[in-house]
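As the structure is a computational prediction, the values presented were derived from the model and not from experiment.
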Amino acid sequence: MWERTLQDLIRGLRANKKDEAKFIAQAVDEIRTEIRSDDMELKAGAVMKLTYLDMLGYDMSWASFHVVEVMSSPKHHLKSVGYLGAVQSFQQDTDVLMLTTNLLKKDLSSTPADIAVTLNGLSAIVTPDLARDLSPELTAMLNHSRPHIRKRAVLAIYRICEKYPDAIKNARSRIEDKLDDADSGVVAATVNMLCELVRRNPQDYLTLAPRLFHHLTTSSNNWMLIKIVKIFGSLSPYEPRLVKKLQPPITELISTTPAISLLYECVHTCIVGGMLQGANGNSLARLCVSKLANFIQDPDQNLKYIALLAMAKIVPSHPHLVAEYQETILASVNDQDISIRMRALDLISAMLNRNNLQSIVQQLLVHLLPDNTPKLSAAQSLAQRIGAAVEGGISFPGHSQAYRLVLSQRILSICSQDMYDNVTNFEWYLSVLVDLAHVANVNIGAEIRDQLVDIVGRVRAARPYAVQVMYTLITDDKLLLNAGEDGSCSEILWAAAWICGEYCNELAEPQKLIPYLLRPEISNLAPDILAVYIQAAMKTFGFWAAELAQKWDDEYLSEVKTVVESFISHIHEFTSSPHIVVQERAAQIQQLFKFIEADLNAYRPRNSVNGSPEGLSEMFETATLSEPYYPKSLYLIQPLFSAYQLNPVARAAQISVPVPEGLDLDAWIVPPPSDPVDEPVERMERKKKGKKGKGKQTSVHKTGKQARPNDYEVLTPVEPEVETSEDRVERERRKAERLAQLRDDPYYIIDDPPSKPPADEMDSIPVVVLEGMPSLLPCTAGSDLFTAIGSSVLRSTAPLSSSQAFIVDKEGEMPERMLSELASAPRSQSEPIEPIAALQTSNTLLEPRTITPDPIRVTRAKKKSTGKKRKPTIPEP
């Protein structure tokens, strides 16, 4: 009978590529017949073919018992086939492994050839039970007369210790003796095993340091030296004396070895082992950095990657040494390999300080420019464009959209870390943010917007320059037209409008900004940006009008009327906006400006009454002495937005607010409906009695007592419900169920409640009375700070004044800050201008003061004789 061999099976697979499944099904049927044969040669051939098919993905677990049969063959070449099939197909849960214990013990006491095959196979198929049962035999194998058996036994012991950790207790002494073995292969295998054991528990192997140090200084085997250096890297943090002892030999290895792998392991051990500290450590650190810099310049991408990774670990202790190779590191940011670029960015973030921040950020911005693309051939360009189409489209062929986003975010993070601690010139950084919005070409606008607003709020000295730059952005037609495109950073217009509206007093001519904030082209912006535009226009007009009121001249009347009429005509277009927020805000602002327009039309200049001031009668002069000499509506808008200064809020401000006394945050706002079946009969009777008791009740306001905020009149009195013990238990159970559900809900965040301060601390908290706040100092008209700024990219390259002292308010405002501290603090740029005395004395509703209305009292109306019910009336306050 003719049998198909393994070579025939491989040839058949190659010849039947079109119908491979059919051929393999036929071959498996033949194997099933062969593997049941009593002929061990035929059975071993079938196992060999199954092993080959298993590598192709076909299951052979059904033949596990037949594999054990081949393993038990007395012939060495057949036994090797059986162990090969076991290594290939056996798993930890294979049932027949429990049958192999005696077989493995028998093979471990057989000929050296069978022992070697058994040790190799056992390392792959060992289970916890086999490790426990075979650990004595493997420990005895460590003293075998043949070196290759001792070497395999050492390596197999490690696999035994993984499955059965107690085995190391009996074998440790013999393993340590193998460090002094006459055969170098056995020593290398022992060091390899100890490297893994020391990495898991270094403190247990500190006693081996003398022997390992001897091999470090005498051995010439680079692979064994790599393992020894790794071991010392794990032991050094637990034994400080090793650092001084290891510095000379490791320095010599770094300086003399030509092996790149050994050189890197020595450098890595110096970093993780703390050998770069002290007087000798500085020279060693310089040597390590120089070697790593050579790796970065090497054409091998793997060396570049590990060098950048190692340098990032040296930066915290020796940043000045890494900074010497700043240009080399920055060149890796433009590498073709994305992993190298990411490691370079990590290293740049770690090596950043106040001295090199500006130069590093400028070079990172250059990598985002479109003209920074390397020249490619036609084939490379075509392949890149095809890859871009698959990836989703990239604007510039140099970098993908994902990398541009990461690079942009990294620029923002390295500049804002530690609350802008490394930024010394905020005018430069504001220019960087604007440049980034132009060249990023990714959706990074929200982060830029938040940082712009945060900087302007915290750094007062940067506000004049920030308003100038934001004014340029608002008047930039190109940026407005591209605001609707993806990746255009249109959110920066939100920040520009908000900053210009909040700090418009920094502009020389604020009224010129209003037409740009209300032009029809802004209708293409997002609803939130459009709403801020409208609000900023209103703030700007309010400040400008109040400023005119302080230096009023009748010649300003025509200009104010023109601005108001233009404002009303532009804002009318947004009253029909499809966005409800924009529509509501525009409608409210339109009504306010119509009131201002009516007041301006009704205003009569003093020199226009009766022809001249000389024609004024005595009665008219007396009547006008208490009236302001300017339109009173000029102060209508400004107090609405700038009654109080706007300060940054501290991070811990919310948690510092104590919970008010009597407030139960766990109480139900709307109690859940009770089960009518379990409702007690007494409660039902109380409800019935309550219905019968429906009648008159004396109003709170008729008793002559002072009304409290919670006093109201109950038309249908209900007896207070008394909570029984059963109700309390049920309420506690429902509360526990609700908290358990919220705790398991991934979309519900539960914060720990803040600790309630003691009673004596509660009494010491000051009460800020806003009614009696002292008047703020008047603000003089701002000088002409506005200068034209070009809209070209990379404004940060222009020379900026470095003499300006920038103070960052890192702490922010806390609830405990007292009113006296607020009054003594420097005046904010957005504080209101103090109205003149004439307006304060006028008895109008336009006075810029806080009006507290009387509380609304609800009273019960008297019933008519017809018996019909009337609704309660609410009298005017």
Decide yes or no on side-chain contact (heavy atoms from CB on, under 4.5 Å) for Leu104 and Glu137, but give the supporting numbers first.
CA-CA 10 Å; Leu104 293 173; Glu137 284 77 6; over 6 Å; no
Asp346 and Arg343: CA distance, side-chain angles, deciding distance, salt bridge (Lys or Arg N to Asp or Glu O under 4.0 Å) verdict
CA-CA 5 Å; Asp346 294 339; Arg343 298 291 76 77; 2.7 Å; yes
Full working for side-chain contact (heavy atoms from CB on, under 4.5 Å) between Thr94 and Ile125
CA-CA 10 Å; Thr94 303; Ile125 65 174; over 6 Å; no
Can you check salt bridge (Lys or Arg N to Asp or Glu O under 4.0 Å) on Arg159 and Glu162, steps first, answer last?
CA-CA 5 Å; Arg159 300 293 296 172; Glu162 281 188 331; 2.9 Å; yes
Going through the distances and angles, do Asn16 and Lys22 end up as a side-chain contact (heavy atoms from CB on, under 4.5 Å)?
CA-CA 9 Å; Asn16 294 272; Lys22 181 178 179 181; over 6 Å; no
With side-chain contact (heavy atoms from CB on, under 4.5 Å) as the test, would you mind laying out the steps for Ile250 and Met275 before giving the verdict?
CA-CA 10 Å; Ile250 289 185; Met275 301 180 188; 3.8 Å; yes
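Side-chain contact between Ser332 and Leu308: present, with at least one pair of heavy atoms (C-beta onward) separated by less than 4.5 Å. Side-chain contact check for Leu235 versus Leu242: some heavy-atom pair is nearer than 4.5 Å. Using a 4.5 Å cut-off on side-chain heavy atoms (C-beta onward), Tyr52 and Leu13 make contact. Here the side chains of Ile168 and Tyr158 are not in contact, with every heavy-atom distance at 4.5 Å or above. Under the 4.5 Å side-chain criterion, counting only non-hydrogen atoms from C-beta, Val67 is not in contact with Val96.
A donor-acceptor pair under 3.5 Å is absent between the side-chain atoms of Ser219 and the main chain of Leu216, judged by distance alone. At least one donor-acceptor pair under 3.5 Å links the side chain of Asn356 to the backbone N or O of Asn353. The main-chain N or O of Asn294 is never found under 3.5 Å from a side-chain atom of Asp298 such that the two would form a donor-acceptor pair. Although no hydrogens or angles enter the test, the distance criterion places no donor-acceptor pair under 3.5 Å between the side chain of Arg199 and the main chain of Ser234. Between the side chain of Asn192 and the backbone N or O of Ala188, no donor-acceptor pair lies under 3.5 Å. His215 places no side-chain N or O within donor-acceptor distance of the main-chain N or O of Val187, the cut-off being under 3.5 Å. The main-chain N or O of Val126 is found under 3.5 Å from a side-chain atom of Gln92 such that the two form a donor-acceptor pair.
No more than 12 heavy atoms of other residues, nucleotides or ligands sit less than 6.0 Å from atom CE of Met98. Residue Asn201 qualifies as enclosed at atom CG: its count of foreign heavy atoms under 6.0 Å is above 12. Around NZ of Lys43, the count of heavy atoms belonging to other residues, nucleotides or ligands within 6.0 Å exceeds 12. By the 6.0 Å contact criterion, CH2 on Trp223 is open, its count of non-hydrogen atoms from other residues, nucleotides or ligands being 12 or less.
Applying the side-chain hydrogen bond (donor to acceptor under 3.5 Å, both in side chains) criterion to Arg146, with sequence neighbours excluded, gives no partner residue. Listed by chain and number, the residues in a side-chain hydrogen bond (donor to acceptor under 3.5 Å, both in side chains) with Ser317 amount to none (sequence neighbours excluded). With sequence neighbours left out, the side-chain hydrogen bond (donor to acceptor under 3.5 Å, both in side chains) criterion links Lys79 to Asp107. Residues passing the side-chain hydrogen bond (donor to acceptor under 3.5 Å, both in side chains) test with Arg14, sequence neighbours excluded: none. In terms of the salt bridge (Lys or Arg N to Asp or Glu O under 4.0 Å) criterion, Arg32 has no residue partners (sequence neighbours excluded).
For the residue pair Ile35 and Ala63, the shortest heavy atom distance occurs at CD1-CB, 3.7 Å. Val191 and Ile231 make their closest contact through O-CD1, 3.9 Å (heavy atoms, listed as atom of the first residue, atom of the second, distance). Between Leu119 and Ala153, the shortest heavy-atom contact is CD1-N, 3.9 Å. Between Leu130 and Leu97 the shortest heavy-atom distance is CD2-O, 4.1 Å. Pairing each heavy atom of Ile115 with each of Ser110, the nearest pair is CD1-O, 3.4 Å. What you find for Ile414 and Leu357 is that their closest heavy atoms are O-CD1, 4.3 Å.
The distance from the CD atom of Glu324 to the OG atom of Ser290 is 10.0 Å, given to the nearest 0.5 Å. Between atom NZ of residue Lys227 and atom CG of residue Leu194 there is a gap of 11.5 Å, rounded to the nearest 0.5 Å. Between the CE atom in Met224 and the CG atom in Leu262 there is a gap of 11.5 Å [rounded to 0.5 Å]. We find the OG1-CE distance between Thr139 and Met141 to be 10.5 Å, quoted to the nearest 0.5 Å. For the atom pair Cys266 SG and Leu253 CG, the distance stands at 4.5 Å (nearest 0.5 Å). Rounded to the nearest 0.5 Å, atoms CG (Asp129) and OG1 (Thr100) are 10.5 Å apart.
For the 3.5 Å distance criterion, the side chains of Asp59 and Ser61 qualify, holding a donor opposite an acceptor. Side chains of Asp39 and Ser37: a donor-acceptor N/O pair is absent below 3.5 angstrom, by distance only. Between Tyr305 and Gln301, the side chains place no donor N or O within less than 3.5 Å of an acceptor N or O (distance only, hydrogens not considered). Side-chain contact of Thr111 with Asp114: a donor-acceptor pair under 3.5 Å is present, judged by distance alone.
Salt-bridge formation is not detected for the pair Arg132/Asp166: no Lys NZ or Arg NE/NH1/NH2 atom is positioned less than 4.0 Å from an Asp or Glu carboxylate oxygen. Of the charged side-chain nitrogens involved, none lies within less than 4.0 Å of a carboxylate oxygen, so that Glu30 and Lys49 do not count as a salt-bridged pair. A salt bridge is absent between Arg200 and Glu196: the closest approach of a Lys/Arg side-chain nitrogen to an acidic carboxylate oxygen does not fall below 4.0 angstrom. A salt bridge does not link Arg150 to Asp183: none of the charged nitrogens lies less than 4.0 Å from a carboxylate oxygen. A salt bridge links Asp8 to Arg11: one of the charged nitrogens lies within less than 4.0 Å of a carboxylate oxygen.
Within the structure, side chain to side chain donor-acceptor pair (under 3.5 Å) pairs that include any residue of residues 247-269 comprise His268-Lys313 (at least two apart or interchain).
The only option from Arg152, His144, Lys151 that meets the side chain to side chain donor-acceptor pair (under 3.5 Å) definition with His148 turns out to be Arg152.
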